[in-house]
Student: 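Let me give you the structure first, and then I'll get to my questions.
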Amino acid sequence: ALLRPKPQILSGKQVVITAGPTREAIDPVRYISNHSSGKMGFALATVAQQLGATVTLVAGPCQLSTPYGVERVDVISADDMLQAVEAVIDAADIFIGCAAVADYRPQKVGSTKIKKNSESLVLEFTRNPDILATVAARKKPPFTIGFAAETNDVVNYAAGKLTRKKLNLIAANDVSDTQIGFNSDDNAMTLLWHDKNNELQQRALGRDSKTAIAEAILTQANQLLNNATS
Ligand code: CTP
Ligand code: CA
């Protein structure tokens with residue numbers, strides 16, 4: 001595509017985005033994590049910057065280069081990610097929780113390597129803080145956007161998260177389709193939000209590059225943000 005400058009619809013806006021997986025330590029040499037590549041969050045950061053926003057990208061461990069003009073904060077665990085988000089969230093107009101945050105972390109982190117001295121091993125897990133819900137529950141929350149990766153009943157589960165976490169917008173995707181999503185360059189999404197009458201609205205975004213999906217999400221968010229303040 002030609003490098004035509006994009007309309008600066010987000011100029012003057014501060015956008016904070018989480019991306020990638022988190023890693024939860026088991027002992028000094030091991031962790032649990034997931035297959036998130038970080039591509040969707042990095043695409044959002046790239047496009048938000050191109051649309052004129054000031055962007056902070058809080059990234060879990062991923063093999064991607066920092067988008068042009070974006071401030072990147074690297075983190076490892078969900079606790080680290082929450083701390084990094086809280087350090088920058090006061091100034092944010094828009095928060096996008098795109099990270100695949102580990103839901104649980106090992107309850108006890110061994111200070112020494114666990115030895116294989118038994119036939120089986122049981123680990124106990126503790127729930128991690130929900131970064132997205134924590135941001136949305138602030139006194140003056142930014143416009144808050146979540147993602148929902150589901151294998152079944154996609155719209156219902158996503159609408160539940162929209163309401164429960166008090167989000168302004170959620171982007172739902174069907175991860176049972178292994179061709180797209182996690183490590184792919186493409187994605188397909190359904191955007192869900194509540195209108196002024198609290199009616200659930202939805203808009204399907206067909207399969208496209210993560211960059212194009214990112215632009216559609218940010219454009220929709222900007223429209224809702226402008227409606228709310230006009
Ligand atoms: N999220 C978060 N912090 C967590 C867990 C999730 O910020 N500890 C955010 C994700 O970045 C995503 C949204 O919440 O934007 C939904 O994540 P998802 O894993 O789909 O939902 P959960 O609420 O964790 O529920 P479940 O995994 O049981 O479906
Ligand atoms: Ca989860």
Side-chain angles (χ1 to χ4, degrees), residues 15-25 31-45 48 55-62 73-89 92 94-107 125-138 141-177 180-183 187-194 205 210 213-214 216-218 220-221 224:
V15 179
V16 175
I17 302 169
T18 65
T22 67
R23 272 184 199 168
E24 310 300 328
Y31 59 83
I32 61 154
S33 190
N34 60 66
H35 289 297
S36 169
S37 64
K39 285 177 182 169
M40 189 64 233
F42 276 59
L44 282 159
V55 182
T56 304
L57 178 60
V58 179
C62 46
V73 180
D74 285 314
V75 297
I76 308 283
S77 68
D79 270 338
D80 297 343
M81 186 173 274
L82 177 60
Q83 224 179 68
V85 166
E86 284 186 325
V88 294
I89 202 64
I94 300 175
F95 175 74
I96 311 178
C98 196
V101 183
D103 290 331
Y104 296 92
R105 65 174 179 275
Q107 195 149 42
F125 290 87
T126 304
R127 206 144 120 172
N128 270 329
D130 189 312
I131 298 165
L132 184 65
T134 303
V135 169
R138 289 170 68 85
F143 185 93
T144 304
I145 307 174
F147 280 76
E150 311 288 353
T151 54
N152 58 299
D153 228 351
V154 179
V155 167
N156 274 335
Y157 279 126
K161 287 173 188 173
L162 176 71
T163 305
R164 202 162 359 94
K165 301 195 191 197
K166 298 188 165 52
L167 310 178
N168 297 101
L169 180 65
I170 195 160
N173 70 323
D174 186 342
V175 289
S176 67
D177 184 346
I180 55 178
F182 272 37
N183 198 25
N187 219 340
M189 296 261 161
T190 303
L191 302 187
L192 301 169
W193 67 94
H194 289 114
L205 305 176
K210 285 185 174 172
I213 297 279
I217 292 170
L218 290 164
Q220 183 70 56
L224 296 173

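All values below come from the heavy atoms of this structure, side chains included, with hydrogens, waters and symmetry mates left out. Just so you know, these numbers come straight off a predicted model, no measurement behind them. When a ligand or atom number is given, it counts from 1 through the structure's own listing order.
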Student: Okay, side chain of Ser77, backbone of Arg23: is any donor-acceptor separation there less than 3.5 Å?
Tutor: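 No: the side chain of Ser77 does not pair with the backbone of Arg23.
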
Student: What is the distance from atom NZ of Lys39 to atom CD1 of Ile213, rounded to the nearest 0.5 Å?
Tutor: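 The CD1 atom of Ile213 is 14.5 Å from NZ of Lys39, to the nearest 0.5 Å.
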
Student: List the atom of Trp193, the atom of Leu169, and the distance in Å for their closest heavy-atom pair.
Tutor: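 Of all heavy-atom pairs spanning Trp193 and Leu169, the closest is CE3-CD1, 3.7 Å.
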
Student: If you compare all heavy atoms of Ala19 against all heavy atoms of Leu57, which two are closest, and at what distance to 0.1 Å?
Tutor: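 For Ala19 versus Leu57, the nearest heavy atoms are CB-CD1, 3.8 Å.
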
Student: So, regarding Ile145 and ligand 1 (criterion: nitrogen or oxygen to nitrogen or oxygen, under 3.5 Å), is there a contact or not?
Tutor: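 Among all N and O atoms of Ile145, none is under 3.5 Å from an N or O of ligand 1.
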
Student: Would Pro129 count as a contact residue for ligand 1, given that I'm defining contact as a non-hydrogen atom of the residue lying under 4.0 Å from a ligand atom?
Tutor: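 Pro129: in contact with ligand 1 (<4.0 Å).
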
Student: Quick one: which residue pairs count as a salt bridge (charged side-chain N to carboxylate O under 4.0 Å, His left out) with a foot in residues 76-89, not counting sequence neighbours?
Tutor: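 Applying salt bridge (charged side-chain N to carboxylate O under 4.0 Å, His left out) to every pair that reaches into residues 76-89, excluding sequence neighbours, yields Asp79-Arg105.
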
Student: Tell me if the OH atom of Tyr31 is crowded by more than 12 foreign heavy atoms within 6.0 Å.
Tutor: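 Atom OH in Tyr31 is not packed in, count stays at 12 or less.
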
Student: If we only count N/O pairs under 3.5 Å, is Thr18 in contact with ligand 1?
Tutor: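 Between Thr18 and ligand 1 (N or O atoms, distance only) the closest approach is not under 3.5 Å.
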
Student: Using a 3.5 Å distance criterion without hydrogens, assess whether the side chain of Ser176 forms a donor-acceptor pair with backbone atoms of Asp174.
Tutor: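 Side chain of Ser176 to backbone of Asp174: no pair is present.
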
Student: Quick test: of every protein heavy atom, which one is nearest to atom 28 (O) of ligand 1, and how far off is it to 0.1 Å?
Tutor: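 Its nearest protein heavy-atom neighbour is Asp103 OD2, 4.5 Å.
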
Student: Quick test: of every protein heavy atom, which one is nearest to atom 15 (O) of ligand 1, and how far off is it to 0.1 Å?
Tutor: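 Closest protein heavy atom to atom 15 (O) of ligand 1: Gly97 O, 2.5 Å.
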
Student: Give the atom numbers and elements of ligand 1 that come within less than 4.0 Å of a heavy atom of Leu132.
Tutor: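 Per the distance check, 2 (C), 7 (O), 9 (C), 13 (C), 14 (O), 15 (O).
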
Student: Which atom names give the shortest non-hydrogen contact between Ala158 and Leu192, and what distance separates them?
Tutor: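 Closest pair (atom of Ala158, atom of Leu192, distance): CB-CD1, 3.6 Å.
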
Student: How close do Leu218 and Leu44 get, counting heavy atoms only, and between which atoms?
Tutor: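 Of all heavy-atom pairs spanning Leu218 and Leu44, the closest is CD1-O, 3.7 Å.
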
Student: Please indicate whether Gln83 has more than 12 foreign heavy atoms, meaning atoms of other residues, nucleotides or ligands, lying under 6.0 Å from its CD.
Tutor: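 Counting neighbours around CD of Gln83, 12 or fewer heavy atoms of other residues, nucleotides or ligands fall under 6.0 Å, so no.
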
Student: So which protein N/O/S atoms does the Ca ion (ligand 2) have within less than 3.0 Å?
Tutor: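 Near the Ca ion (ligand 2), below 3.0 Å, one finds Asp103 OD1, Asp103 OD2.
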
Student: Does even one non-hydrogen atom of Asp130 get within less than 4.0 Å of ligand 1?
Tutor: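 Yes, that is the case, since the closest heavy atom of the residue is under 4.0 Å from the ligand.
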
Student: Can you see which heavy atom on Ala102 is nearest to which on Thr22, and at what distance?
Tutor: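 Minimum heavy-atom contact is N-OG1, 3.0 Å.
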
Student: Quick test: of every protein heavy atom, which one is nearest to atom 11 (O) of ligand 1, and how far off is it to 0.1 Å?
Tutor: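 The answer is Ala99 O, 2.7 Å.
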
Student: Of the choices Tyr104, Phe95, Phe147, which has the non-hydrogen atom that lies closest to atom 13 (C) of ligand 1?
Tutor: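 Selected option, by shortest heavy-atom distance: Phe147.
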
Student: Val101 heavy atoms, cut-off 4.0 Å: which ligand 1 atoms fall inside?
Tutor: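 By the 4.0 Å cutoff, the relevant atoms are 2 (C), 3 (N), 4 (C), 5 (C), 7 (O), 8 (N).
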
Student: Do any nitrogen or oxygen atoms of Gly146 lie less than 3.5 angstrom from nitrogen or oxygen atoms of ligand 1?
Tutor: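 There is no such contact.
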
Student: Determine whether any heavy atom of Lys165 lies closer than 4.0 Å to an atom of ligand 1.
Tutor: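 Per 4.0 Å heavy-atom rule, Lys165 contacts ligand 1.
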
Student: Is it the case that ligand 1 has an N or O less than 3.5 angstrom from some N or O of Ile131?
Tutor: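 Yes, there is a polar N/O contact under 3.5 Å.
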
Student: So, is Ala148 polar-close to ligand 1, with some N/O to N/O distance under 3.5 Å?
Tutor: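 No: no nitrogen or oxygen of Ala148 is under 3.5 Å from one in ligand 1.
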
Student: Counting N and O atoms only, with roles assigned by atom type, does the side chain of Asn173 sit under 3.5 Å from a partner on the main chain of Val175, one being a donor and the other an acceptor?
Tutor: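 Checking the backbone N and O of Val175 against the side chain of Asn173, no donor-acceptor pair under 3.5 Å is found.
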
Student: Using every non-hydrogen atom in the two residues, find where Pro61 and Val75 come nearest and quote the distance to one decimal.
Tutor: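 So the minimum-distance heavy-atom pair works out to CD-O, 3.5 Å.
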
Student: Show which atoms of ligand 1 fall inside a sub-4.0 Å distance from at least one heavy-atom site of Ala149.
Tutor: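 So the atoms of ligand 1 that pass are 20 (O).
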
Student: Nearest 0.5 Å please: distance from the CD1 atom of Ile131 over to the CD1 atom of Ile89.
Tutor: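 Spacing of CD1 (Ile131) from CD1 (Ile89) equals 10.5 Å.
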
Student: Return the residue, atom name and 0.1 Å-rounded distance of the protein heavy atom closest to atom 26 (P) of ligand 1.
Tutor: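 Residue, atom and distance for the closest contact: Lys161 NZ, 3.9 Å.
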
